[in-house]
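Encoded as structure tokens, the structure appears first; notes follow it.
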Amino acid sequence: MSTQAQYDEVAVESLPLGVPTAKLQTIDLERLIEQNEDEINRLLRASVLEGFFYLDLRGISQKTGILDHVNDIFTLETELFGLDTSEKLQYDIDKTAGKFGKMKLSGYKPIGRNFGGIGGKSDGFESYSIPKDGILGLEGAGDFARPPPVDAHKETLEKFMTFVQHASQAIYRGLSSALAVEPSEAFENFHRPSASSPDLLRLLKYHPQPVTERGAPQTPHTDLGSLTFLFTRQNGLQVLPRGAQDWAYVECKPGHAIINLGDGMSLMSNGLLQSCLHRVAPLPSEAFKTRYSFAYLQRAEDHTIMRGLKSPVIPQNDPQVASPTSAEWLAKKFGMLRGATHTKEDSWVLTGVKPQLIATQ
């Protein structure tokens with residue numbers, strides 16, 4: 001049986017008729033790796049207009065087995081979140097020491113700790129973060145504490161993370177080409193697969209809500225990094241592209257990843273590429289069920305300056321105004337996700353990028 005057939009037999013939920021549904025572009029990864037012109041044009045349109053698209057992995061999976069690795073990570077989720085809470089809290093992400101703890105790259109977050117959408121007070125999910133540098137053993141990464149299920153699936157995690165580096169390079173090359181970015185400043189130069197970066201794999205378990213206690217278990221937000229590779233078999237993801245008035249649900253598609261651009265890509269294109277607002281929410285008039293998903297969050301290397309890259313079509317920043325580094329931007333946005341540090345004055349950090357001062361000459 002082929003890898004594609006194995007994956008496609010895994011049931012995914014369909015959206016009910018009449019539910020507002022996002023009409024997203026589909027990009028074929030094999031063709032994008034070949035830098036096919038039509039595929040690059042589709043990628044650019046999706047990145048400018050919606051900031052979200054489907055990435056078709058079915059063809060490439062015949063060669064790489066990536067969809068089997070996806071299935072295995074879903075198994076890892078059920079094993080890890082099935083541990084006793086006391087055991088999971090031994091790996092509390094807010095108490096993790098060292099390099100990975102400083103930037104919240106490794107460990108467990110219990111339900112309700114983040115600013116969220118349930119009653120406007122807290123989130124409705126637990127999560128577990130696994131650092132890319134630690135799994136791939138990059139120089140200077142060091143070891144990190146982890147529960148037994150992570151070790152049991154470590155080979156899968158290595159193969160999955162290596163694959164995502166390869167896939168993301170094709171996306172960055174396509175966008176650099178489409179926007180005529182100067183070669184020295186191409187997007188891919190700031191996301192080198194072998195370089196240390198604050199990338200992580202985040203496992204997510206959303207807890208059920210009765211229909212009488214409806215609320216979004218995840219507050220509307222934009223992602224703080226560059227690219228997010230999301231995998232889910234269950235409904236709930238909603239998007240609100242720039243200029244849209246109403247939230248639309250993103251339908252699950254077997255054999256596809258859901259990709260979205262984060263603040264990093266918006267900052268490095270001065271808003272030309274869209275970092276789209278999104279959240280997880282129940283379907284209309286339905287109770288929210290237990291929901292599993294996982295996302296690979298790719299961020300630029302820490303030293304990257306978050307400003308418009310040199311290109312004839314990207315607006316340039318005013319050189320008199322300092323731009324944050326990637327590490328500085330991530331630290332500020334992390335603070336917004338904790339209720340104790342959330343302030344009304346800085347709410348723009350959580351929900352989008354503040355307008356940049358653009359050079360007039």
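Quick caveat: nothing in here was measured; it's all calculated off a predicted structure.
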I'd like to know if the side chain of Gln234 pairs up with that of Ser293 as donor and acceptor (distance under 3.5 Å, no hydrogens or angles considered). no
Residues pairing under salt bridge (Lys or Arg N to Asp or Glu O under 4.0 Å) where one sits in residues 168-177, two or more places apart or in two chains, turn out to be none
Result for ring-ring contact (aromatic ring centres under 6.0 Å, His included) between Phe231 and one of Phe160, Tyr296, Tyr292 points to Phe160
query = With a 4.5 Å heavy-atom cut-off, do Thr304 and Thr325 have their side chains touching?
reply = no
Counting distance only, does the side-chain N/O of Gln316 pair as donor-acceptor with the main-chain N or O of Ile314 below 3.5 Å? yes
| query | Donor-acceptor pair, Glu77 side chain versus Leu203 backbone, under 3.5 Å? | reply | no
| Out of curiosity, does Phe288 fall in the hydrophobic cluster containing Ile111 (side-chain heavy atoms, cut-off under 4.5 Å, transitive links)? | no
Check: Considering only heavy atoms from C-beta outward, does the side chain of Ser275 approach that of Asp263 to under 4.5 Å?
Finding: yes
Requested in this report: Measure the shortest side-chain to side-chain distance between Leu200 and Arg299 over non-hydrogen atoms and say whether it is less than 4.5 angstrom.
Outcome: yes
Rounded to the nearest 0.5 Å, the CD atom of Gln25 sits from the OG atom of Ser47 at a distance of 9.5 Å
Worksheet item: After noting the C-alpha distance and the side-chain angles of Leu57 and Phe163, does the key distance pass the side-chain contact (heavy atoms from CB on, under 4.5 Å) rule?
Response: CA-CA 11 Å; Leu57 305 178; Phe163 173 84; 4.1 Å; yes
Those residues at least two apart in sequence (or on a different chain) that pass side-chain hydrogen bond (donor to acceptor under 3.5 Å, both in side chains) with Asp84 are none
Verify, without hydrogens or angle tests, whether Asp318 (side chain) and Gln320 (backbone) share a donor-acceptor contact under 3.5 angstrom.
yes
>> Check this for me: does any side-chain nitrogen of one of Glu126 and Lys88 sit under 4.0 Å from a carboxylate oxygen of the other?
In response: yes
- Query: Any side-chain heavy atom of Ser61 within less than 4.5 Å of one from Arg58?
  - Reply: no
The ring pair (Phe, Tyr, Trp, His ring centres under 6.0 Å) partners of Tyr108 (sequence neighbours excluded) come to none
Handout entry: Heavy-atom donor-acceptor pair, His256 side chain to Pro254 backbone, under 3.5 Å
Key = yes
- Message: Checking Asp56 against Thr26: is there a side-chain donor and acceptor pair closer than 3.5 Å?
- Response: no
Between the CD atom in Gln238 and the CG atom in Asp246, the distance rounded to the nearest 0.5 Å is 10.0 Å
Residues at least two apart in sequence or cross-chain that pass side-chain hydrogen bond (donor to acceptor under 3.5 Å, both in side chains) with Ser196, listed by chain then number, are Lys99, Asp133
Let's go through Ser168 and Gln298 carefully: what are the C-alpha distance in whole Å and the side-chain angles of both, what is the deciding distance for side-chain hydrogen bond (donor to acceptor under 3.5 Å, both in side chains) to 0.1 Å, and is it a yes or a no?
CA-CA 9 Å; Ser168 62; Gln298 187 167 63; 3.1 Å; yes
Notebook entry, point to check: Does the pair Lys205 and Ser127 meet the rule for a side-chain hydrogen bond (donor to acceptor under 3.5 Å, both in side chains), with working shown?
Noted result: CA-CA 6 Å; Lys205 178 184 178 181; Ser127 67; over 6 Å; no
Task: Arg31 and Asp38, any side-chain heavy atoms less than 4.5 Å apart - done: yes
In plain terms, say whether Glu328 and Lys332 are close enough for a salt bridge, that is, a side-chain N and a carboxylate O under 4.0 Å apart. no
Those residues at least two apart in sequence (or on a different chain) that pass salt bridge (Lys or Arg N to Asp or Glu O under 4.0 Å) with Lys310 are none
* Taking the side chain as every heavy atom from C-beta outward, state whether Cys252 and Arg233 have any pair of such atoms under 4.5 Å apart. => no
Quiz item: When you measure from the side chain of Thr156 to the backbone N and O of Asp72, does any donor-acceptor pair fall under 3.5 Å?
Solution: no
Open item on the list: Pairing donors with acceptors under 3.5 angstrom, does anything connect the side chains of Glu251 and Thr21?
Closed with: no
Members sharing Leu17's hydrophobic cluster, built from side-chain contacts under 4.5 Å between Ile, Leu, Val, Met, Phe, Trp and Tyr, are none
CD of Glu185 to CD1 of Ile305, rounded to nearest 0.5 Å, is 10.5 Å
TODO: Spell out, as yes or no, whether a donor-acceptor pair under 3.5 Å connects the side chain of Asp123 to the backbone of Arg113.
DONE: yes
Checklist entry - Does one side chain, of Asn36 or Arg42, offer a donor that lies under 3.5 Å from an acceptor on the other? => result no
Here the gap from Leu227 atom CG to Gln169 atom CD, rounded to the nearest 0.5 Å, amounts to 10.0 Å
Across all chains, not counting sequence neighbours, the ring pair (Phe, Tyr, Trp, His ring centres under 6.0 Å) partners of Tyr172 are His191
Practice problem: Indicate whether the side chain of Asp302 and that of Ser326 have a donor and an acceptor atom separated by less than 3.5 Å. | Solution: no
Glu158 meets the salt bridge (Lys or Arg N to Asp or Glu O under 4.0 Å) criterion, sequence neighbours left out, with Lys154
| field | Working for side-chain contact (heavy atoms from CB on, under 4.5 Å), residues Phe187 and Leu273 | value | CA-CA 12 Å; Phe187 289 110; Leu273 303 179; 3.9 Å; yes
Using side-chain heavy atoms (C-beta onward) and a distance below 4.5 Å, is Trp247 in contact with Pro20?
no
Under a side-chain separation threshold of 4.5 Å, the hydrophobic residues clustered together with Tyr54 are Leu24, Phe52, Leu230, Leu237, Val239, Val250, Ile258
Donor-acceptor contact present, side-chain Thr96 to main-chain Gly101, <3.5 Å = no
Next item on the list: Evaluate whether atom CD of Gln90 has more than 12 neighbouring non-hydrogen atoms of other residues, nucleotides or ligands under 6.0 angstrom away.
Entry: yes
May I ask whether Ile73 and Leu83 are part of the same hydrophobic cluster, defined by side-chain heavy atoms of I, L, V, M, F, W, Y residues being less than 4.5 angstrom apart, directly or through others? no
**Heavy-atom side-chain proximity of Leu283 to Leu15 below 4.5 angstrom** = yes
Contacts satisfying ring-ring contact (aromatic ring centres under 6.0 Å, His included) that involve residues 123-156 (not counting sequence neighbours) are Phe100-Phe144, Phe125-Tyr206
Sequence neighbours excluded, the answer for salt bridge (Lys or Arg N to Asp or Glu O under 4.0 Å) partners of Glu182 is none
task: Could you give me the CA-CA distance, side-chain angles and deciding distance for Val164 and His166, then say whether side-chain contact (heavy atoms from CB on, under 4.5 Å) is met?
output: CA-CA 5 Å; Val164 171; His166 182 55; over 6 Å; no
Contacts satisfying ring-ring contact (aromatic ring centres under 6.0 Å, His included) that involve residues 17-43 (not counting sequence neighbours) are none
- Flag, side chain of Arg242 to backbone of Val48, donor-acceptor distance under 3.5 Å: yes
Check this for me: Gln35, atom CD, are more than 12 non-hydrogen atoms of other residues, nucleotides or ligands nearer than 6.0 Å?
yes
task: Check step by step if side-chain contact (heavy atoms from CB on, under 4.5 Å) holds for Leu179 and Leu44.
output: CA-CA 8 Å; Leu179 296 176; Leu44 180 63; 3.8 Å; yes
So CG of Asp92 and OG of Ser106: to nearest 0.5 Å the spacing works out to 11.0 Å
So OG of Ser129 and CZ of Arg146: to nearest 0.5 Å the spacing works out to 15.0 Å
